[in-house]
Structure formats: C-alpha cells, structure tokens
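To start, the structure under review is shown below, and the notes come after it.
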Amino acid sequence: MFGRILALIIRYKTISFGSFPRLLSIFYWPSVQILFWGFFSNFLIENNTTPYIGVLSIILSAVVLWDVLFRGQLGLTMSFLEEIWSRNLTNLFITPLREYELVFSLIIISMLRTLIGLTPAIFVANFFFDFHLFELGFYLIFFFFNLIAIGWSIGFVVSGLVLRYGHSFEELAWAIIFILLPFSCVYYPLDSLPFIMQKIAQIFPPVYVFESMRKILIDNQVEFQQLYRIIILNFTYLLLSVLFFLKMISSSRKKGLLINQGE
Amino acid sequence: MNSFVVKVSNLVKTFDTKKIIKNISFNVNENSVTGVLGKNGAGKTTLLGMLMGLISPSSGNIEILGKNLFFKKNEILKEINFQSPYIDLPKKMTVEQNLFFYSRLYGIKKFKDIINDLVKKLKMTDLMKKNYGSLSAGQKTKVNLCKALINNPKLLLLDEPTASLDPETSIFIREFLLDYQKKNKSSILITSHNLEEIQSICSKIILLKLGKIASNGNLNELLKINNYSSLKDFFLGQG
C-alpha cells in the first residue's frame, strides 16, 4: 500500500515540481495576490478610508486562507487530470493500485503543492507588510486543515465529473471555486450578504472559517460552536465527495471509459 | 490435461442498449499464445478491457490464474500486464522515471536490476534519459513493452503490439515476444489486424464476429477442417 502511494507521490512531484515554469506557476500567484491586496489595504489605511488599522491583517489572512482552499482544490484536480491528459488512466488502473490509494496520494500531493505554493507568499507578506499569519496561533492549523479539506471535497467532485462526463467539465476545475467565493464571506461578514445568499452560504463550511478568523483577529474570541460546525460539515462533505469520486470510477468501468481516455 | 490461465463463462457486455459481447465462453491454455481476431466493432477491445478489470461485465464470469476477477482483482493484476500502442505512458516523465514508477506500483523489489536487464534485451539503453513524449512510435512500443514485462506477467495481453511499426521493428518485437513467452512459460493473448503476424506466432485463435465467437481452436486444425490455406482466407471466409 505505502509503496504504491509513494510511487504516485513521486510521479506527481516529478510533474508538479520537475520544471521551472510549473514550479513558478505554483508559488507565483499566491505571492502576487498577497502583494496586490497588501498594497491596496495600505492605500486604504494611509488615506483614512478605513479607521481600523487591523484591516491589513484581516485581509491578508483572508487572502492566504482562501488560497489554501483554492490551491488544495487545484492541486488535487490538476494531479488527477494529468492522468487523463497523458492518456495514462488505462495503465494506471490495470496495476494493483487500489482506488483508496489513489485518493490518499491525491490528498498528499495536494497538501505538498499547497504548502510549497503558500510558503513564499507568507514570507512576502511578512517582508513587505510586517504581516504575521501566526497571530492566529493554533487556530491557523485548524483553519488550514479545514480549508484544504474543502478544496479536496471540491477536487474529488470535479475529478469524478471529468472522468465520467468528459472534458467539458474540465473548466469546472478553475471555475467552481469562484462560484463558491461570494458565499464564502472571505473579505466581508455574513451579515453583509442578502438574506437568500446568507442561507445558501450557511450550507458551506468556508463561511464559518472566515467568520471565526475575523472573530479571533478583531475580538480575540473563539466561537467553539462554529468550529464544531466546521468539523461536522467538512467531514460530511469530504466523505460524500470521496464516495462520489469512487462511484464515478465504478460508473466509468461500466461505461468502458477507462480505456483510451485522453486529450 | 491442460490447465487454463483464463476461463471465461457466459460473458455479456451491454453498453446502454447495445450488446457488444454476446454470451461468450472460452479458455486460454497455460503457456500458449492465443490470437483474438475480428473486424472493427467485433468486441476485441471490450473483451480485453473486461479481462483487465477496466470494464465491468454486464453478466458472466471471468477467472484468471484460477481466481475470480470480480473478487480477487488486485491479486490478479499483480500477475498480468498489458501493452497497446494506443495507450500512452506519462509524456512529461523520462523513460526511466516511467519504468521506476510502474515498478513501484507493481511492488517489484530490486526493480533497477530487472529494468536494466529488460532494457538491454529490448535494445533501448539510449532511451532511458529521454522524455517519453519525445520518442518515435517504434521507441514508444519498446518502452510500453518493457513496462508490460516489468512484473514478469503470467498473462500478457497485447492489443495490436506492432501496429504502425516498420517491418524491422515489427519482426524484432515479434521474435522478442516469442522468445520471452518460451523462456518464462507465460501465456499471451494478442489482438491484431495483422493476420500474418497472428499466423506466425499464435497456436490458437478466437475469432469474434459481432460480439460472438465464430471460431475457437487450434489454428492449424481450424484451417484444415475448414479447408483454408491461410489465416487471411479463413478470416475473409469466416470473419
């Protein structure tokens, strides 16, 4: 089991970090986002548009944490799509690889890609804006794992859809996260959404993560009820998404889609 | 008495409402080379897909190496392998990285020695550091074949292994496969549209026609009984 998971991780590592342009694409965007939002927040503070000095910390924390979700999803989906693009699915599925081993491998490589992508961004934020993400303390780790788990849930759903229904669903790999963005309340509180959107937002876990983050940074308080809600929602979504992914593999076997899948 | 490496009973595959494989049964002997023939759409690829567990049968039973494919798939997959020019390996990795990757997936110990040996025999030492995506069709076939032999399979499934190759490479691959089969006492199940190739390497054939088995048996006996002088005439007459 571990040998096969290791084999896949080495493969995904080779693809993800094997060439300079690919490596650049992993850590370039998070750093650019930090610079963009950091300078913009500074501009607001310097022009007294906002009276609250902690706004920089809130916005940069939100940028980094949102990127955890985004990178987590993209890292998982892109690694799986790579198998489809390289027409490697047939060879992969005729090895003794078990489907849960594929699931674990995708999760691990997504984690590695996210950490490698975000580390330079955190240093950039620290260097240019004196921003300390670790102000969130233990809760940073809690938020990180929960946001990346949301990314995995979305990643498994998108990967399953592409496998079963074809390349037209590939666009979802990039787009789906931006459908979720307005409901996640990354940069604004839940109250600022219209009533209907608030109700929709409450179905998804990101809103509770970002609400908790603001509560900690502004009021220095932790709402444990929200943290429990995050765990329960995330566990449910992740479980359902993995089951969906496995169901799509099984359905593809019935439809004969695992032979000759590719670009 | 022969023991069978593959036992297929009452196999049916339906895609939506279209029946592709229509209740077929056959056996493949141990230590044999069997050709699966049929026109396009006869069901050859679907049959191979089901034997590898890539396509779920609608009904019927498949036993490979004495084990039921439905219940013991992972055990069986350790002992079989597949090569096709239509299925690629990851293009962005070198040949060496690809072979190491598949060795790890098959759980092969001391795989570097095994790969070195295979690479020498297949005369592809100079390809090891090259990206798979940059190889010619013939070179890719050799690499795919090396991947297919990496776990020393007891059953090797080949889908048109010499398609689009020049005659020299085709002959090399054919001779290599025969030599490998004899030395390792493996069984090979091969599909091909190259009838001369099938006639030269297969002792038994299974002829599929619209999802059913039209003929099945020893190649020479089938030709003799049906009064054909070549497999080409037999295929044109029966296929």
Side-chain angles (χ1 to χ4, degrees), chain A residues 1-23 78-102 105 109 163-164 246-263, chain B residues 13-16 18 20-21 43 45-58 72-94 96-98 100-109 111 131-133 144 147-148 150-151 153 157 159:
Chain A
M1 171 185 158
F2 294 112
R4 288 188 289 270
I5 291 176
L6 180 69
L8 277 171
I9 291 169
I10 292 171
R11 156 153 167 68
Y12 294 138
K13 183 205 71 124
T14 308
I15 293 165
S16 302
F17 312 130
S19 74
F20 183 68
R22 285 197 161 216
L23 194 58
M78 288 299 146
S79 300
F80 183 72
L81 290 185
E82 187 65 40
E83 302 297 0
I84 295 179
W85 292 333
S86 61
R87 301 171 67 88
N88 187 42
L89 274 185
T90 304
N91 277 323
L92 200 61
F93 279 110
I94 61 160
T95 68
L97 178 75
R98 288 180 163 89
E99 281 149 14
Y100 70 83
E101 292 167 346
L102 177 63
S105 310
I109 196 67
L163 178 67
R164 174 63 185 80
L246 298 178
K247 175 75 186 160
M248 290 297 103
I249 294 176
S250 160
S251 175
S252 299
R253 281 188 207 280
K254 282 184 190 143
K255 295 273 178 189
L257 300 173
L258 296 182
I259 288 190
N260 282 339
Q261 268 259 23
E263 277 181 309
Chain B
K13 182 63 196 176
T14 308
F15 288 122
D16 297 322
K18 199 176 176 192
I20 304 296
I21 298 289
T45 307
T46 305
L47 176 62
L48 281 191
M50 286 194 281
L51 293 178
M52 293 183 284
L54 281 175
I55 300 176
S56 313
S58 302
K72 303 272 183 185
K73 193 169 80 182
N74 283 78
E75 281 179 36
I76 292 169
L77 289 177
K78 284 178 191 166
E79 307 284 352
I80 71 173
N81 215 319
F82 171 66
Q83 187 254 326
S84 163
Y86 309 115
I87 308 293
D88 272 331
L89 293 171
K91 294 181 187 71
K92 288 164 190 158
M93 298 195 333
T94 65
E96 186 179 70
Q97 285 168 338
N98 266 301
F100 286 4
F101 168 56
Y102 278 98
S103 301
R104 290 188 185 104
L105 284 182
Y106 281 100
I108 297 159
K109 288 169 185 152
F111 58 80
N131 255 33
Y132 178 82
N144 283 342
K147 187 278 311 177
I150 216 159
N151 59 332
L157 303 164
D159 184 19

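Just so you know, these numbers use all the heavy atoms, side chains as well, and skip hydrogens, waters and symmetry mates. Proteins come first, then strands; the chains are lettered A, B, ... in the order of their sequence lines, and each starts at number 1.
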**Residue pair A/Lys255 / A/Arg164, side-chain heavy-atom distance below 4.5 Å** = yes
**Asked** Most heavy-atom pairs under 4.5 angstrom with chain A, which of B/Thr14, B/Ile20, B/Ile55?
**Response** B/Ile55
Would you give me the side-chain donor-acceptor pairs under 3.5 Å for residues 92-100 of chain A, sequence neighbours excluded?
unit_1, atom_1, unit_2, atom_2, d
A/Thr95, OG1, A/Leu92, O, 2.7
A/Thr95, OG1, A/Leu97, N, 3.3
A/Glu99, OE2, A/Arg253, NH2, 2.6

**Message:** Can you tell me which portion of B/Asn151 sits under 4.5 Å from chain A's heavy atoms? Options are side chain, backbone, both or neither.
**Reply:** neither
**Fill in**
By residue number, those in residues 73-80 of chain B with heavy atoms under 4.5 Å from heavy atoms of chain A are B/Lys73, B/Asn74, B/Leu77, B/Lys78
**Message:** With a 4.5 Å cut-off on side-chain heavy atoms, are B/Phe111 and B/Ile150 touching?
**Reply:** no
**Portion of A/Ile249 that has a non-hydrogen atom of chain B nearer than 4.5 angstrom** = neither
**Prompt:** Within 45° of the six-membered ring axis of B/Tyr132 and under 6.0 Å from that ring's centre, is NZ or CZ of B/Lys91 located there?
**Reply:** no
**Prompt:** Taking the side chain as C-beta and beyond, is there a heavy-atom pair between B/Tyr102 and B/Leu89 under 4.5 Å?
**Reply:** yes
**Complete:** Turns out that what part of B/Tyr106 lies under 4.5 Å from chain A's heavy atoms comes down to both
**Fill in**
Assert top hit (heavy-atom pairs under 4.5 Å, partner chain A, pool B/Leu54, B/Asp88, B/Asp16) equals B/Leu54
**Request:** Using non-hydrogen atoms and a 4.5 Å limit, figure out which bit of A/Glu82 sits close to chain B: side chain, backbone, both or neither.
**Result:** side chain
**Which portion of B/Met52 sits near chain A, non-hydrogen atoms under 4.5 angstrom** = both
**Prompt:** If only atom types and distance count, is the side chain of A/Thr90 paired as donor or acceptor with the main-chain N or O of A/Leu258 below 3.5 Å?
**Reply:** yes
**Prompt:** Are any non-hydrogen side-chain atoms of B/Ile87 and A/Arg87 less than 4.5 angstrom apart?
**Reply:** no
**Complete:** Note: vs chain A, highest number of non-hydrogen pairs under 4.5 angstrom among B/Met50, B/Gln97, B/Lys147 is B/Lys147
**Request:** For the pair A/Arg4 (side chain) and A/Leu102 (backbone), establish whether a donor and an acceptor sit closer than 3.5 Å, ignoring hydrogens and angles.
**Result:** no
**Exercise: identify the closest heavy-atom pair between A/Glu101 and A/Ser105** = O-OG, 2.6 Å
**Fill in**
Closest heavy-atom pair, B/Pro153 versus B/Ala148, reported as atoms and distance to 0.1 Å, is CG-O, 3.3 Å
